[in-house]
Amino acid sequence: MNPVYYSLRMRASRSGQHLCGAERIVPVHQLREVSAELLNRALAAQSLPDEIHATTEALKPEEIRRYALPPVRSWQVADWRAGRRLATERLVAAGVSPAAVATALSALAAGPGPDGTVMRGAMLVDAQSGERLEEDCARGVRVSRMDLDPACRDALLATLAAAGLTHHRVAEALVLAGKVLHAPGIVAELCWSDDPAYATGYVATPAAGYQRISPLKQVGDRRGGRTLFVDAGNGSLGDFVDYLERQPVLFTAVGTIHPPSLWSEPA
């Protein structure tokens with residue numbers, strides 16, 4: 001018999017501003033434990049939330065897609081400016097136009113939401129024109145309903161630790177990027193956190209996988225977010241968004257995790 005799984009989703013905010021969020025898909029016997037973990041995470045946010053939204057949803061086992069995680073590379077760069085030059089190089093190599101990259105970098109640096117706020121979800125950007133495609137520039141598109149299979153979680157955390165990648169954000173971002181890279185029409189993803197203490201970001205592409213870049217912003221900067229570059233002419237944008245927000249995905253195998261490397265800019 002297939003185990004019963006539940007999707008757990010948490011979002012915390014204060015005065016209408018997003019503070020933190022988290023996603024898990026767990027078997028029924030872990031439901032109480034993981035629900036408490038997500039609540040504790042909300043209470044440990046940068047500010048004490050005045051709203052915590054938590055959703056628990058049973059999933060049909062036959063609806064869950066299972067994939068392997070993408071490979072991981074980590075690049076240390078001289079400073080955040082060099083990090084953004086490396087990100088630009090990787091995005092253009094994946095098929096994103098320089099104009100679209102510039103649009104995304106400028107928006108993330110300024111705060112992609114209204115009046116420079118942090119968005120609750122991701123920007124959607126046409127990979128060629130640079131046009132923003134999300135219907136709501138405050139909400140964006142929320143990548144949801146994804147997690148690691150329990151056996152894969154243990155293997156991934158051990159492999160990441162052996163490579164010196166012990167921050168909890170690494171595994172979480174890898175899972176999210178892994179789901180994004182299976183979306184119909186995806187070209188690439190660019191992300192860095194709005195956490196002022198966390199300056200590492202990443203570029204993810206179907207061909208090269210998940211590429212961490214440290215740093216991609218200055219420590220102390222509270223602006224950040226994610227950009228999903230999409231081939232708007234390849235299928236329905238509605239199908240793309242529906243997959244990201246509603247399709248349950250579990251990762252069952254760990255990809256290759258390469259040791260961190262220094263990046264030297266071309267002369």
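Note that the numbering runs from 1 along the sequence shown for the chain. Any value given below was found using the heavy atoms of this structure, including those in side chains, with hydrogens, waters and symmetry copies removed.
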> For Q128 and G95, which heavy atoms make the closest approach, and how far apart are they?
Replying inline: NE2-O, 2.8 Å
> Which distance, rounded to the nearest 0.5 Å, do you find between the CG of D147 and the NZ of K179?
Replying inline: 11.5 Å
>> Go through it in stages, so that I can follow the logic: the residues are T103 and T227, the test is side chain to side chain contact (heavy atoms under 4.5 Å, CB included), and I'd like the CA-CA distance, side-chain angles, deciding distance and then a yes or no.
In response: CA-CA 10 Å; T103 294; T227 303; over 6 Å; no
>> Side chains of I257 and Y210, heavy atoms from C-beta outward: is any pair under 4.5 Å?
In response: no
>> Hydrogens and angles aside, do Y202 and R226 bring a side-chain donor and acceptor to less than 3.5 Å of each other?
In response: yes
>> Are L91 and L86 linked, directly or through intermediate hydrophobic residues, by side-chain heavy-atom contacts shorter than 4.5 Å (ILVMFWY only)?
In response: yes
>> Rounded at 0.5 Å granularity, tell me how far CD in E57 sits from OH in Y5.
In response: 15.5 Å
> Applying ring pair (Phe, Tyr, Trp, His ring centres under 6.0 Å), which residue pairs with at least one partner in residues 49-68 are found, sequence neighbours left out?
Replying inline: Y67-H182
> Do V101 and V77 share a hydrophobic cluster, counting only Ile, Leu, Val, Met, Phe, Trp and Tyr and linking them when any side-chain heavy atoms are less than 4.5 Å apart?
Replying inline: yes
> Under 4.5 Å between any side-chain heavy atoms of L148 and L69, yes or no?
Replying inline: yes
> Is the closest side-chain heavy-atom distance between L156 and L174 below 4.5 Å?
Replying inline: yes
> Roughly how far, to the nearest 0.5 Å, is the CG atom of L237 from the CG atom of D242?
Replying inline: 11.5 Å
> Does the side chain of L43 come within less than 4.5 Å of I52's, by heavy atoms?
Replying inline: yes
Scan the side chains in residues 248-255 for donor-acceptor partners under 3.5 Å anywhere in the protein, sequence neighbours excluded, and list what turns up.
none

> Considering the options P215, P260, S261, which one meets the side-chain contact (heavy atoms from CB on, under 4.5 Å) requirement together with Q76?
Replying inline: P215
> So do H168 and R41 actually touch side chain to side chain, heavy atoms under 4.5 Å?
Replying inline: yes
> Is the shortest heavy-atom distance from the side chain of T200 to the side chain of H167 under 4.5 Å?
Replying inline: no
>> I need the minimum non-hydrogen distance between A100 and A127, along with the two atoms involved.
In response: CB-O, 3.5 Å
>> Working to the nearest 0.5 angstrom, can you tell me the gap between C20 SG and M10 CE?
In response: 4.0 Å
>> What verdict does the side chain to side chain contact (heavy atoms under 4.5 Å, CB included) test give for R212 and L165, after you've listed the backbone C-alpha separation in whole Å, the side-chain angles of each residue and the deciding distance to 0.1 Å?
In response: CA-CA 11 Å; R212 302 177 69 250; L165 302 173; 3.3 Å; yes
Listing, residues 104-125 side-chain donor-acceptor contacts under 3.5 Å, not counting sequence neighbours, or none:
{"from": "T117", "atom 1": "OG1", "to": "P114", "atom 2": "O", "distance (Å)": "2.8"}

> Counting only N and O atoms by type, is there a donor-acceptor contact under 3.5 Å from the side chain of Q247 to the main-chain atoms of E63?
Replying inline: yes
> Counting only N and O atoms by type, is there a donor-acceptor contact under 3.5 Å from the side chain of R14 to the main-chain atoms of L48?
Replying inline: yes
> How far apart are the closest heavy atoms of I186 and F229, and which atoms are they?
Replying inline: CD1-O, 3.4 Å
> Same cluster for L8 and I25 if Ile/Leu/Val/Met/Phe/Trp/Tyr side chains link at under 4.5 Å?
Replying inline: no
> Looking at side-chain heavy atoms only, is the closest gap between E33 and E37 below 4.5 Å?
Replying inline: yes
>> Do L176 and E189 have side chains that approach each other closer than 4.5 Å (heavy atoms only, starting at C-beta)?
In response: yes
>> Could you report the tightest heavy-atom contact between D221 and K217, atom names first, then the distance?
In response: O-NZ, 2.5 Å
> Judged by modelled atom types alone, do S7 and R9 share a side-chain donor-acceptor pair under 3.5 Å?
Replying inline: yes
>> I need the minimum non-hydrogen distance between E23 and R145, along with the two atoms involved.
In response: OE1-N, 2.9 Å
> Transitively linked via ILVMFWY side-chain contacts under 4.5 Å: L31 with V4?
Replying inline: yes
>> For the CZ atom of R142 and the CG atom of L244, what is their distance to the nearest 0.5 Å?
In response: 12.5 Å
>> Cation-pi check for W192 against R84: NZ or CZ below 6.0 Å from the six-membered ring centre and within 45 degrees of the axis, yes or no?
In response: yes
>> If I compare all heavy atoms of Y198 with all of S193, which pair ends up nearest, and what's the gap?
In response: CD2-CB, 4.0 Å
> Mind checking whether L181 and L228 sit in one hydrophobic cluster, side chains of I, L, V, M, F, W, Y counted as touching below 4.5 Å?
Replying inline: no
> Out of curiosity, L19 CG to E51 CD, how far, rounded to the nearest 0.5 Å?
Replying inline: 10.5 Å
